[in-house]
Amino acid sequence: MTETGTTDRWKSLDFGPPAPSDADPARSVLLEYTGGGAIAVITLNRPADNAIDTAMGVRLTEVLETIAVEPAVRVAILTGAGRRAFSVGSDLRQRHSMTKQQWLRQRQDFDRTLYTLRQLRKPIFAAVNGIAYGGGCEIAQSTDFIIASENATFGQPEAMIGLSAGGGSPVLLPRLLPPGRALQMLMTGEPITAAEAYRLGMVNEIHPPDALMPAALEIAERIASNSPTAVQAVKRAVRMGQGQPIEQAIAIMMEAHWRSAVHPDRAEGIGAFNDDRDPHFQDADY
């Protein structure tokens with residue numbers, strides 16, 4: 001506690017309650033297509049900190065459900081508007097005035113959003129630009145992998161406000177970090193830098209802020225150039241095989257492999273290799 005009666009408790013988080021926003025809820029999550037429609041860019045768009053209110057969570061679910069059934073989309077990038085924040089997590093200003101019933105209903109809405117994200121068949125990865133705290137960090141963890149800008153930070157400060165993290169981090173974070181380091185983050189609320197997240201394997205790549213989205217698009221283009229059926233099959237094999245006994249995980253893998261072995265994309269890919277040309281893969285049919 002400082003002499004003025006305020007506190008230094010929140011200083012390490014480098015943000016405060018979000019300012020009131022009258023932004024259009026329909027614009028709180030943007031969906032754009034590039035690469036001939038094969039790449040979907042999803043942007044959390046509630047500046048300056050991209051705090052997630054109820055309407056934004058509903059909008060994100062709608063966007064994810066839209067790309068899930070769009071055959072032309074082969075990969076998605078999830079990022080935040082601006083450089084300051086990917087997302088600071090739930091809008092605590094909105095929650096401050098909620099009744100218990102309203103809070104629980106919002107929690108159900110957010111659970112649906114995260115479930116939709118985790119269950120997406122198509123590859124989706126996070127390009128984290130700046131702060132990723134609480135639910136924002138859990139959204140990033142729920143994607144297939146993370147790349148980040150050099151100024152990114154990752155944190156789970158829920159315990160600091162009397163809440164047990166409930167968006168996936170107690171399950172997901174110990175899979176991305178050494179379990180002890182994950183527990184330290186969850187128990188203290190102290191964030192880690194992009195460099196530390198990269199060193200520990202939570203983040204695949206770090207880039208200068210201006211280079212983050214070009215790098216994300218380059219990765220997305222590489223994924224989109226591959227067989228979408230094969231990419232979705234291998235994602236499913238990895239996800240479904242995690243935590244399973246080895247032979248059961250192998251069986252899941254082999255089911256995915258055999259489905260790809262009899263798919264037209266296999267013949268096209270091998271033919272393109274032998275003809276020394278680019279392959280032309282079909283949109284995924286499942």
Side-chain angles (χ1 to χ4, degrees), residues 1-2 5-21 25 28-29 44 46-61 64 78 80 84-118 126 128 130-143 146 152-193 196-197 200 202:
M1 186 75 71
T2 65
T6 58
T7 178
D8 292 330
R9 179 176 177 81
W10 319 110
K11 189 174 181 180
S12 66
L13 299 180
D14 191 31
F15 83 101
S21 173
S28 62
V29 179
L44 306 176
R46 201 163 174 255
D49 291 330
N50 298 318
I52 306 167
D53 65 1
T54 302
M56 186 178 184
V58 171
R59 171 63 180 159
L60 180 54
T61 304
L64 292 168
L78 183 54
R84 173 159 172 73
F86 174 78
S87 172
V88 298
S90 298
D91 185 339
L92 298 185
R93 185 182 295 274
Q94 183 187 51
R95 281 190 170 178
H96 182 63
S97 59
M98 280 183 170
T99 65
K100 178 180 179 180
Q101 289 75 18
Q102 288 171 330
W103 191 95
L104 291 173
R105 178 53 193 254
Q106 185 194 66
R107 181 67 258 175
Q108 288 182 317
D109 290 339
F110 287 177
D111 287 348
R112 179 184 173 195
T113 303
L114 291 165
Y115 179 81
T116 304
L117 175 56
R118 293 193 305 270
V128 175
I131 295 168
Y133 290 163
C137 189
E138 289 170 320
I139 286 173
Q141 293 169 49
S142 297
T143 66
I146 303 169
T153 52
F154 301 84
Q156 298 294 158
E158 289 89 345
M160 298 177 71
I161 59 170
L163 188 66
S164 172
S169 55
V171 175
L172 300 172
L173 202 57
R175 301 184 184 205
L176 297 172
L177 296 174
R181 191 67 183 89
L183 276 168
Q184 184 176 341
M185 283 182 66
L186 290 161
M187 290 176 174
T188 66
E190 291 292 314
I192 62 172
T193 64
E196 180 74 351
L200 294 171
M202 179 179 180

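These numbers come from a predicted model, not from an experiment.
Listed by chain and number, the residues in a salt bridge (Lys or Arg N to Asp or Glu O under 4.0 Å) with Arg112 are Glu65 (sequence neighbours excluded). A search for side-chain hydrogen bond (donor to acceptor under 3.5 Å, both in side chains) contacts involving Thr113 returns Thr61, not counting sequence neighbours.
Using a 4.5 Å heavy-atom threshold, the side chains of Met56 and Leu44 count as touching. Gln156 has its side chain within reach of Gln141: a pair of non-hydrogen atoms, C-beta onward, lies under 4.5 Å apart.
The minimum heavy-atom distance between Pro170 and Ala165, with the atom names listed, is CG-O, 3.4 Å. When all heavy atoms are compared, the tightest approach of Cys137 to Gly155 is CB-O, 3.6 Å. Taking all atoms of both residues into account, the shortest heavy-atom contact from Tyr133 to Thr153 is OH-OG1, 3.3 Å. Closest approach of Ile139 and Leu117 over heavy atoms only: O-CD2, 3.5 Å. Contact detail for Pro157 and Gly134: the closest heavy-atom pair is CD-N, 3.5 Å.
Looking at Arg46, its side chain does come within 3.5 Å of a backbone N or O of Ala51 through a donor-acceptor pair. Within the 3.5 Å criterion, the main-chain N or O of Val58 finds no donor-acceptor partner in the side chain of Asp109.
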* To do: Take Ile52 and Leu60 through the side-chain contact (heavy atoms from CB on, under 4.5 Å) test and state the conclusion after the steps.
  => CA-CA 10 Å; Ile52 306 167; Leu60 180 54; over 6 Å; no
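One distance of note links OG1 of Thr143 with CD of Glu138; it measures 12.5 Å at 0.5 Å rounding. In this structure, CZ on Phe86 lies 13.5 Å from CG on Asp49, to the nearest 0.5 angstrom.
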Result block: side-chain N/O donor-acceptor pairs under 3.5 angstrom for residues 178-187, not counting sequence neighbours:
none

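Considering Ile131, Leu173, Ile146 as possible partners of Phe154, the one that fulfils the side-chain contact (heavy atoms from CB on, under 4.5 Å) test is Ile146.
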